[in-house]
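I have placed the structure first, in the form of structure tokens, so that the comments after it can refer back to it.
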Amino acid sequence: MFALADVNSFYASCETVFRPDLKGRPVVVLSNNDGCVIARNAEAKSLGVPMGTPWFKMRSEFERHKIVTFSSNYALYADMSARVMTILEEMSPCVEIYSIDEAFIDLHGVSHCQNLETFGQEVRAKVLQWTGLTVGVGIGPTKTLAKLANHAAKKWPQTGGVVDLSIMARQRKLMNLVDVGDVWGIGRRISKKLNDMGIKTALQLADASAPFIRKHFSVVLERTVRELRGESCLALEEFVPTKQQIICSRSFGDRVSDYEQMREAICSHAARAAEKLRGEHQYCRHISAFVKTSPFAVNEAYYGNTAGTKLQTPTQDSRDIVAAATKCLDTIWREGHRFQKCGVMLGDFYSQGVAQLGLFDEYQPRSNSEQLMAVLDGINHSGKGRIWFAGQGIQKSWEMKRQMLSPAYTTRFSDLLRAKL
DNA sequence: TCTGGGGTCCTAGGACCC
DNA sequence: TCTGGGGTCCTAGGACCC
């Protein structure tokens with residue numbers, strides 16, 4: 001048996017927890033660069049603010065409805081997430097952190113000593129008491145059914161925020177009410193194709209023939225069908241699998257047409273990617289860089305390109321990664337465009353920095369690379385200051401916009417809230 | 001003027017091997 | 001004139017997730 005716990009309107013709730021004065025007012029949070037709406041509290045949802053729409057299109061409407069708008073504050077959300085996950089881990093033996101605001105819980109042990117719905121209510125109460133955030137809990141014999149139960153817990157408030165689908169009859173009753181597109185793993189494309197085939201509800205999908213689904217779609221959807229029937233195909237993954245790739249990319253605050261600025265941005269993303277790579281205790285061989293103009297610009301030719309390179313030996317040294325990324329940039333850079341975004345990708349990971357060399361390869365290992373990188377990371381994680389490569393730039397005029405950023409309430413001393421008695 | 005970032009998995013097709 | 005079968009590996013692209 002699985003439970004899925006997720007925080008209601010997570011980003012928006014993190015903001016309002018520290019701003020009791022916003023109670024009852026509509027609140028939204030924007031994506032990086034203040035681009036799109038990515039979170040809305042209940043009040044904003046009931047005003048019909050759609051998810052994913054660009055802010056500039058909504059701006060005047062937001063002002064009219066006095067909608068409070070925040071830039072993304074990931075330092076705050078990551079810290080609040082860690083607090084929620086810690087509580088879940090204290091209350092149950094096996095937890096899989098699925099995303100910043102969701103976790104699957106293995107209820108194997110729990111079900112022997114406690115009613116599952118009661119357990120769900122206790123989780124809600126404790127998270128609310130200790131963090132001020134509200135979670136919904138869905139329970140089911142498979143991950144997909146737990147997800148579905150969670151969906152129902154959020155959609156119908158009369159459930160009290162907990163839905164238990166242990167019993168088959170309840171599963172079928174709920175699935176009959178749920179659109180097939182609301183099932184976990186079914187996006188817009190597959191949803192449309194299923195609809196065209198006459199499969200409109202989750203129940204119809206559950207009752208579809210597995211070989212038929214496999215033939216017309218893929219093994220992924222076949223698994224979903226089996227999971228909806230109560231056959232568990234997806235296990236709880238308690239330990240985070242090692243990453244296959246690392247991507248660091250950002251939209252620019254303003255369009256970039258200048259090579260020097262682009263180079264700074266690529267250097268910065270490469271250095272960040274290298275730091276993440278070391279955090280994973282990995283070495284990479286494949287490094288690529290990409291640039292793109294806005295796909296939405298009219299009267300402007302789109303240009304986007306990627307270049308990659310493969311090193312002879314896996315590396316985790318920022319100097320190698322920055323050098324490779326800028327070399328890639330030089331092969332795809334074109335004058336005369338207004339670039340919107342760039343990024344660096346790392347792949348082909350190894351657990352150590354050695355590789356089989358060819359007979360005639362000449363290779364000089366860097367001396368003290370590991371130690372130097374450890375010093376670099378040590379300084380940058382100390383909280384006392386940062387050092388970086390000159391190529392990353394000083395002014396960083398290309399950096400993203402965050403004009404409505406809230407304080408780092410929980411992770412910076414100077415931003416701590418003060419309470420007046 | 002202004003449209004996010006970071007991932008995973010699967011499949012098809014091409015290059016190459018014997 | 002006739003031109004196999006079976007396999008691996010890699011990459012690009014498409015789908016999905018939050």
Side-chain angles (χ1 to χ4, degrees), chain A residues 4 6-11 28-39 50-60 62 69 71-74 77-78 81 96-104 143-144 147 150-151 181-194 214-224 233-234 237 240-255 269 272-273 276-277 280 285-286 288 290 292-300 302 304-308 310 338 340-349 399-404:
Chain A
L4 178 75
D6 89 328
V7 183
N8 296 350
S9 315
F10 180 55
Y11 295 172
V28 302
V29 177
L30 304 179
S31 62
N32 269 335
N33 217 27
D34 295 340
C36 305
V37 174
I38 53 168
M51 186 78 160
T53 41
W55 179 51
F56 75 90
K57 287 188 181 168
M58 307 291 298
R59 205 164 166 174
S60 56
F62 281 14
T69 311
S71 303
S72 293
N73 183 347
Y74 285 101
Y77 311 150
S81 172
E96 171 188 341
I97 298 172
Y98 176 68
S99 76
I100 194 161
D101 74 328
E102 282 176 75
F104 286 103
K143 281 180 157 183
T144 306
K147 264 276 200 190
N150 180 278
H151 172 80
D182 290 331
V183 173
W184 185 39
I186 300 191
R188 287 234 312 278
R189 297 299 258 276
I190 290 176
S191 177
K192 172 151 195 325
K193 195 167 158 188
L194 285 169
R214 171 131 194 192
K215 180 162 170 257
H216 293 279
F217 298 87
S218 69
V219 295
V220 185
L221 196 63
E222 184 191 352
R223 269 202 291 265
T224 301
C233 305
L234 303 167
E237 288 169 25
V240 226
T242 49
K243 282 196 197 321
Q244 306 293 305
Q245 62 173 359
I246 288 171
I247 303 174
C248 286
S249 71
R250 282 285 179 281
S251 300
F252 301 120
D254 295 302
R255 300 284 181 258
H269 298 329
R272 252 191 337 124
K276 279 195 202 173
L277 183 69
E280 295 278 314
R285 275 189 78 188
H286 196 263
S288 59
F290 70 86
K292 63 200 286 283
T293 62
S294 170
F296 304 103
V298 283
N299 309 324
E300 225 177 289
Y302 175 79
N305 208 347
T306 309
K310 191 143 193 165
R338 297 168 63 246
Q340 177 242 353
K341 184 176 181 176
C342 74
V344 170
M345 292 186 276
L346 308 181
D348 198 11
F349 292 168
E399 273 192 326
M400 67 178 180
K401 288 181 182 148
R402 293 155 102 188
Q403 290 174 340
M404 294 150 291

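Computed over heavy atoms, backbone and side chain alike; hydrogens, waters and symmetry mates excluded. So you know, we letter chains A, B, ... as the sequences are listed, proteins then strands, and number each from 1.
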Partner residues of [X] under the side-chain contact (heavy atoms from CB on, under 4.5 Å) criterion, sequence neighbours left out:
{"X": "A:Pro241", "result": "A:Glu237"}
{"X": "A:Gln245", "result": "A:Ile247"}
{"X": "A:Asn32", "result": "A:Ser72, A:Tyr74, A:Arg250, A:Met400"}

Notebook entry, point to check: Any chance the side chains of A:Asn73 and A:Ser71 put a donor and an acceptor closer than 3.5 Å?
Noted result: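 No - no donor-acceptor pair under 3.5 Å links their side chains.
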In this structure, how many angstroms lie between the [atom2] atom of [N] and the [atom1] atom of [X], rounded?
{"X": "A:Leu30", "N": "B:dT3", "atom1": "CG", "atom2": "C1'", "result": "11 Å"}
{"X": "A:Asn8", "N": "C:dC18", "atom1": "CG", "atom2": "C1'", "result": "15 Å"}
{"X": "A:Met51", "N": "C:dC17", "atom1": "CE", "atom2": "P", "result": "13 Å"}
{"X": "A:Leu221", "N": "C:dC17", "atom1": "CG", "atom2": "C1'", "result": "15 Å"}

Which residues satisfy the ring pair (Phe, Tyr, Trp, His ring centres under 6.0 Å) test with [X], sequence neighbours excluded?
{"X": "A:Phe252", "answer": "none"}
{"X": "A:Phe56", "answer": "none"}
{"X": "A:Phe10", "answer": "none"}
{"X": "A:His216", "answer": "A:Phe212"}

Would you mind classifying the nucleic acid contact of [X] as base, sugar-phosphate or nothing, using non-hydrogen atoms under 4.0 angstrom?
{"X": "A:Lys147", "result": "sugar-phosphate"}
{"X": "A:Trp55", "result": "nothing"}
{"X": "A:Ile100", "result": "nothing"}
{"X": "A:Asp101", "result": "sugar-phosphate"}
{"X": "A:Arg59", "result": "nothing"}

Notebook entry, point to check: Within less than 4.0 Å of OP1 or OP2 of B:dT1, is there a side-chain N or O belonging to A:Arg338?
Noted result: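 Checking A:Arg338 against B:dT1: no side-chain N or O falls below 4.0 Å of OP1 or OP2.
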Notebook entry, point to check: Are more than 12 heavy atoms from other residues, nucleotides or ligands located less than 6.0 Å from atom NZ of A:Lys192?
Noted result: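 For A:Lys192, atom NZ is not crowded (no more than 12 foreign heavy atoms under 6.0 Å).
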Next item on the list: Scan nucleotides 4-16 of chain B nucleotide by nucleotide, 5' to 3', and note B when protein non-hydrogen atoms come under 4.0 Å of the base, S if they reach only the sugar-phosphate, - if neither.
Entry: SSSSB-SS-----
Check: When Watson-Crick pairs (N1 to N3 and N6-O4 or O6-N4) and G-U wobble pairs (N1-O2 and O6-N3) count only below 3.5 Å on both distances, what is the dot-bracket string of DNA chain B, with | for other-strand pairs?
Finding: ....||||||||||||||
Margin query: Between C:dT3 and B:dC17, how many Å separate the two P atoms, rounded to a whole number?
Written below: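 Looking at atom P only, C:dT3 and B:dC17 are 23 Å apart.
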